[in-house]
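Below: one structure, written as structure tokens.
From a predicted model like this one, the values you see are computed outputs, not experimental measurements. Note that these values count all heavy atoms, side chains included, but never hydrogens, waters or copies made by symmetry.
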Amino acid sequence: MKTDALAPEQPFELAVDFSDSQVKVVRSVLEGESMYMGTLPALVSEQEPGRWQGQALVGACTEASMLWAWVLDIEHNGIPRQLKFRFEVSR
């Protein structure tokens, strides 16, 4: 994800590649890190084995810059894990 091009209320692409195609994404959301903004959907689907891709957008914040997290709940061989990718959006 190229964070220099992100802007509030503008759709952007999400993509993650796993080296093991058996990894499944069971939940994908965006959460405000520097300020509570609720949980926003970040819908992704498997495009090819191990590659998950989708689109999302974040809301506008009163601050000039906002730290967000893309939170992925994944499962691999029956074992659940959570991944968190942090990124910044400026207005």
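- Side-chain atoms of Ser28 come within 3.5 Å of backbone N or O of Ala42 as a donor-acceptor pair.
- Between Ala15 and Arg51 the shortest heavy-atom distance is CB-NH2, 3.8 Å.
- A 4.5 Å side-chain heavy-atom check between Phe85 and Trp68 finds every atom pair outside the cut-off.
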Handout entry: Criterion side-chain hydrogen bond (donor to acceptor under 3.5 Å, both in side chains) on Trp52 and Ser45, from CA distance to verdict
Key = CA-CA 5 Å; Trp52 293 76; Ser45 59; over 6 Å; no
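- Taking both residues in full, the closest heavy atoms of Ala56 and Pro41 are given as CB-O, 4.0 Å, listed atom of the first, atom of the second, then distance.
- You'll find the side chain of Phe87 reaches within 4.5 Å of the side chain of Leu30, heavy atoms only.
- In terms of heavy atoms, Ser21 sits closest to Pro49 at CB-CB, 3.6 Å.
- Glu31 places none of its side-chain heavy atoms less than 4.5 Å from the side chain of Met37.
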Exercise for the section: Give the intermediate values and the outcome of side chain to side chain contact (heavy atoms under 4.5 Å, CB included) for residues Phe18 and Val25. Expected result: CA-CA 10 Å; Phe18 297 104; Val25 174; 4.1 Å; yes
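- Here the closest non-hydrogen pair linking Leu40 and Gly59 is CD1-N, 4.1 Å.
- Applying the side chain to side chain donor-acceptor pair (under 3.5 Å) test to pairs two or more places apart or on separate chains, those with a residue in residues 53-65 are Glu13-Gln55, Ser65-Glu88.
- Between atom NZ of residue Lys24 and atom CD1 of residue Ile74 there is a gap of 11.5 Å, rounded to the nearest 0.5 Å.
- Counting heavy atoms from C-beta outward, Arg86 and Leu67 have side chains that approach closer than 4.5 Å.
- In this structure, Met66 and Gly32 approach most closely via the heavy-atom pair CE-CA, 3.5 Å.
- Within the structure, salt bridge (Lys or Arg N to Asp or Glu O under 4.0 Å) pairs that include any residue of residues 70-85 comprise Arg27-Asp73, Glu33-Lys84 (at least two apart or interchain).
- Hydrophobic clustering, defined by side-chain heavy atoms of Ile, Leu, Val, Met, Phe, Trp and Tyr closer than 4.5 Å, groups Val29 together with Val71.
- Both Leu14 and Val89 are assigned to one and the same hydrophobic cluster, defined by single-linkage of ILVMFWY side chains at heavy-atom distances under 4.5 Å.
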